[in-house]
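A quick write-up on the structure given underneath.
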Amino acid sequence: MAGLSPLDPSSYSRPEIAIVTNIELNLSVSFEKKIFTGFVDLHVQKVQEGADEVILDSKDLNITKILETELNTEVKYTIDEPFGEFGSKLTVELPNKNSKDYVFRIEYETSANASGLQWLSPDQTSGKKHPYLFSQFQAVHARSFLPCQDTPGVKNKYAATISAPPQLTVLMSAIRDRTRELHDGKLFHFVQDVPIPSYLIAIAIGALESRKIGPRSHVWAEEEIIEQSAFEFANTEHQLQTAESICGPYVWGIYDLLVLPPSFPFGGMENPCLTFVTPTLLAGDRSLVNVVAHEIAHSWTGNLITNRNFEHFWLNEGFTVFIERKILGRLLSPQDQDFQAMEGLAELKDAVKRLGADSPLTRLVVDLKGLHPDDAFSTVPYEKGQTFLRYLEEAVGGPSVFEPFLRKYFDTYKYESIDTVDFKTFFIKEFCPCGKDNKVKQIDWDLWLYGTGLPPYIPDYDKTVGEISIHLFETLSSWNETAEPTPVIADDVKYMSASQIIYFLQLVLDAPTVWSILKLTEIQRIFELEKNKNSEIKLRWLRICMKSQWEEKIADVLFWLNEVGRMKYVRPLYRDLYAWESARYKAIENFKANKKYMMHVSAYTVEKDLHLNE
Ligand SMILES: CC/C=C\C/C=C\C[C@@H](O)/C=C/C=C/C=C\[C@@H](O)CCCC(=O)O
Ligand SMILES: [Zn+2]
């Protein structure tokens with residue numbers, strides 16, 4: 001497929017011929033031009049005897065010169081025509097040299113429309129005084145920031161020197177080493193000594209403040225939300241210690257959080273040493289910190305052991321959700337752990353319904369040949385993946401057997417990139433399915449890994465925590481609102497947690513019947529939804545309103561769509577508006593007007609949701 005690798009359908013790079021072993025970036029930022037300029041030193045090792053080129057990924061990069069620094073000679077290179085959203089193949093000639101090792105200095109600049117970078121003007125920030133820049137490189141956007149082997153099958157240490165205007169702070173997914181004042185700016189130096197895949201390189205530059213929230217953690221944000229952020233994430237160290245008690249030592253030194261502007265496209269991104277989070281987590285009551293537990297879990301699953309390519313994304317995400325819920329189970333209760341899984345299952349059912357039960361994208365291991373990872377993304381690898389692991393855990397005898405296995409798995413494959421067959425082989429070796437009735441022997445690996453639709457087995461989750469939501473849903477479902485007085489008062493629901501309200505709303509959203517606006521008005525009143533700051537509640541509430549075609553609420557939806565860029569919220573709401581014929585035009589006009597403020601990945605996917613590219 002247009003020169004893409006047989007080992008990774010999302011990358012041109014061929015590490016089996018010559019591999020990048022270390023990255024040293026030296027860049028300066030221009031907010032005026034929305035570009036980075038400078039060079040990167042790529043250390044390259046010949047793998048195949050007789051190899052005469054190293055193949056890299058690049059996207060919209062303006063490369064001006066490539067030098068081999070030890071020979072101090074300019075080398076020849078070619079940049080192929082871009083193919084779809086994958087960028088261009090960059091082939092660099094290996095000069096004739098006796099040793100296997102090379103250092104290439106690539107002089108280049110990024111482009112103003114780099115798909116992995118989001119540039120904000122001062123008026124798009126909270127402080128309104130300074131510009132802001134942040135990155136989101138997963139799955140394959142690192143190539144729009146630097147030429148590299150942009151496949152998770154290759155892991156590198158990296159160092160970076162970044163120069164920026166004096167009022168701004170640069171942060172990266174690495175240890176902050178030192179800062180130097182220049183006459184016209186500041187120089188920031190970073191070191192990441194644990195090998196990571198390119199998608200975990202990350203950068204943010206803005207007028208940032210920090211607060212210490214634990215012995216190895218700071219939270220970073222613009223001044224306007226720093227106190228709120230410090231409050232929301234105050235329990236981070238507790239979560240980290242709980243994760244360590246499950247997974248083993250945390251190897252990354254620091255665990256900082258950066259609260260980004262609202263256009264950040266995901267809930268969180270597990271950038272090492274510096275998790276990126278959306279400000280939609282700032283609920284004011286710490287009710288959405290499960291996302292932080294998720295990102296902390298990635299410190300082992302995804303960041304230490306990494307999917308070899310994105311066809312095995314469930315190895316990153318299914319394991320991470322599974323560990324996230326174990327952390328919450330330890331911090332809250334086993335019943336809460338199961339409740340979270342029930343909520344996740346409801347989201348999985350929604351996704352399977354939307355994609356179609358026979359869609360290849362509902363498989364745990366997907367085929368990405370010719371398909372961009374951003375187009376394959378859904379909750380399936382997360383929730384079907386965690387369900388599979390829960391099933392495996394039950395099959396081998398429960399957590400007391402499975403957790404020591406997990407620690408051995410982490411220890412065996414740490415710092416490596418693996419695929420599903422590696423995991424299966426390791427599992428089978430550990431739990432030798434010898435006996436006839438052995439549950440391990442009965443595991444239908446092919447059905448789980450390559451079957452479409454919902455998981456073949458759904459665990460019998462403890463329903464204690466969800467009972468109140470189910471009861472409320474049933475009461476309101478059977479209420480004849482035109483003839484009977486309301487069966488629920490605010491007192492009945494005042495002790496419901498945010499998660500219980502979310503689950504109740506999810507049940508309403510998934511109900512086969514459409515609830516009347518009268519009934520919805522009642523829900524709005526008893527939960528005081530107009531005042532609620534929890535974004536998961538808001539998402540479900542607004543989706544319910546769209547399902548019931550509550551005309552007046554369209555304005556609220558559009559307002560929120562223009563405020564946040566988190567795809568988990570923006571995509572379903574745009575799809576809902578599109579599905580409602582009389583709201584469709586408004587949705588399309590709104591999107592066209594606001595597209596320029598969205599990050600590439602959000603605009604790219606919503607454009608498809610609105611069928612604008614057909
Ligand atoms: C089977 C899917 C195959 C490949 C998809 C891989 C990457 C897709 C790309 O779009 C990037 C995803 C990045 C995700 C980052 C964070 C998520 O865990 C957030 C989840 C949603 C949210 O809470 O907002
Ligand atoms: Zn994740």
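Counting starts at 1 for both ligands and their atoms, in listed order. All values reported here derive from a predicted model rather than from experimental measurement.
Protein heavy atom nearest atom 16 (C) of ligand 1, with residue, atom name and distance: Gly268 O, 3.0 Å. Taking atom 24 (O) of ligand 1 as the reference point, the nearest protein heavy-atom neighbour is Gly267 N, 2.6 Å. Considering only non-hydrogen protein atoms, atom 7 (C) of ligand 1 sits nearest to Ala139 CB, 3.5 Å. Considering only non-hydrogen protein atoms, atom 18 (O) of ligand 1 sits nearest to Tyr382 OH, 2.7 Å. Nearest protein heavy-atom neighbour of atom 5 (C) of ligand 1: Pro373 O, 3.6 Å. Here the heavy atom of the protein found nearest to atom 3 (C) of ligand 1 is Phe310 O, 3.4 Å. With respect to atom 2 (C) of ligand 1, the closest heavy atom belonging to the protein is Ala376 O, 3.6 Å. Among all protein heavy atoms, the one lying closest to atom 1 (C) of ligand 1 is Val366 CG2, 3.6 Å.
Under the ring pair (Phe, Tyr, Trp, His ring centres under 6.0 Å) test applied with Phe423, the options Phe319, Trp448, Tyr413 reduce to a single match, Phe319. When Tyr457, Trp445, Phe322 are each tested for a ring pair (Phe, Tyr, Trp, His ring centres under 6.0 Å) with Phe388, only one passes: Trp445.
In terms of N/O distances under 3.5 Å, ligand 1 is not approached by Pro265. Inclusion of Gln138 in the set of residues having an N or O under 3.5 Å from an N or O of ligand 1 is not warranted. An N or O contact shorter than 3.5 Å links Arg566 to ligand 1 by distance. The shortest N/O to N/O separation between Asp374 and ligand 1 falls below 3.5 Å.
Ion pairing between a basic and an acidic side chain is recognised when a charged N comes within 4.0 Å of a carboxylate O; Glu403 and Arg330 show such pairing. A salt bridge is absent between Glu244 and Arg407: the closest approach of a Lys/Arg side-chain nitrogen to an acidic carboxylate oxygen does not fall below 4.0 angstrom. Ion pairing between a basic and an acidic side chain is recognised when a charged N comes within 4.0 Å of a carboxylate O; Asp422 and Arg308 show such pairing.
The shortest separation from a heavy atom of Tyr569 to ligand 1 is not under 4.0 Å, leaving the residue out of contact. For Ser378, the closest heavy-atom approach to ligand 1 does not fall below 4.0 Å.
For Lys349, there are no salt bridge (Lys or Arg N to Asp or Glu O under 4.0 Å) partners two or more places apart in sequence or in a different chain.
Remark: the Thr452 side chain and the Asp358 side chain contain no N/O donor-acceptor pair separated by less than 3.5 Å.
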Can you give the donor-acceptor pairs under 3.5 Å from side chains of residues 276-294 to other protein atoms, not counting sequence neighbours?
unit_1: Thr278; atom_1: OG1; unit_2: Thr280; atom_2: N; d: 2.9
unit_1: Thr278; atom_1: OG1; unit_2: Thr280; atom_2: OG1; d: 2.8
unit_1: Thr280; atom_1: OG1; unit_2: Arg566; atom_2: NH1; d: 3.2
unit_1: Asp285; atom_1: OD1; unit_2: Ser287; atom_2: N; d: 3.0
unit_1: Asp285; atom_1: OD1; unit_2: Ser287; atom_2: OG; d: 2.5
unit_1: Asp285; atom_1: OD2; unit_2: Ser287; atom_2: OG; d: 3.4
unit_1: Arg286; atom_1: NE; unit_2: Phe231; atom_2: O; d: 2.7
unit_1: Arg286; atom_1: NH2; unit_2: Phe231; atom_2: O; d: 3.0
unit_1: Ser287; atom_1: OG; unit_2: Asn534; atom_2: ND2; d: 3.0
unit_1: Asn290; atom_1: ND2; unit_2: Glu324; atom_2: OE2; d: 3.4
unit_1: His294; atom_1: ND1; unit_2: Glu324; atom_2: OE1; d: 2.8
unit_1: His294; atom_1: NE2; unit_2: His298; atom_2: NE2; d: 3.2
unit_1: His294; atom_1: NE2; unit_2: Glu317; atom_2: OE1; d: 3.1

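The ligand atoms of ligand 1 that sit less than 4.0 angstrom from a heavy atom of Lys568 are 23 (O), 24 (O). Each of the atoms 15 (C) of ligand 1 lies under 4.0 Å from some heavy atom of Met269.
Of the possible donor and acceptor atoms, none in the side chain of Tyr604 sits under 3.5 Å from a partner among the backbone N and O of Lys608.
Between the OE1 atom of Glu317 and the NE2 atom of His294, the angle taken at the Zn ion (ligand 2) works out to 100° after rounding to 10°.
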Can you list the steps and then say if Ile205 with Tyr132 is a side chain to side chain contact (heavy atoms under 4.5 Å, CB included)?
-> CA-CA 6 Å; Ile205 308 180; Tyr132 201 121; over 6 Å; no

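For His298, the N, O or S atom closest to the Zn ion (ligand 2) goes by the atom name NE2.
By the 30° and 60° cut-offs, the orientation of the rings of Phe36 relative to Phe145 is perpendicular. Ring pair Trp220/His218 is tilted by interplanar angle, where 30° to 60° counts as tilted.
If you look at Phe266 next to ligand 1, the close heavy atoms, those under 4.0 Å, come from the backbone and the side chain alike.
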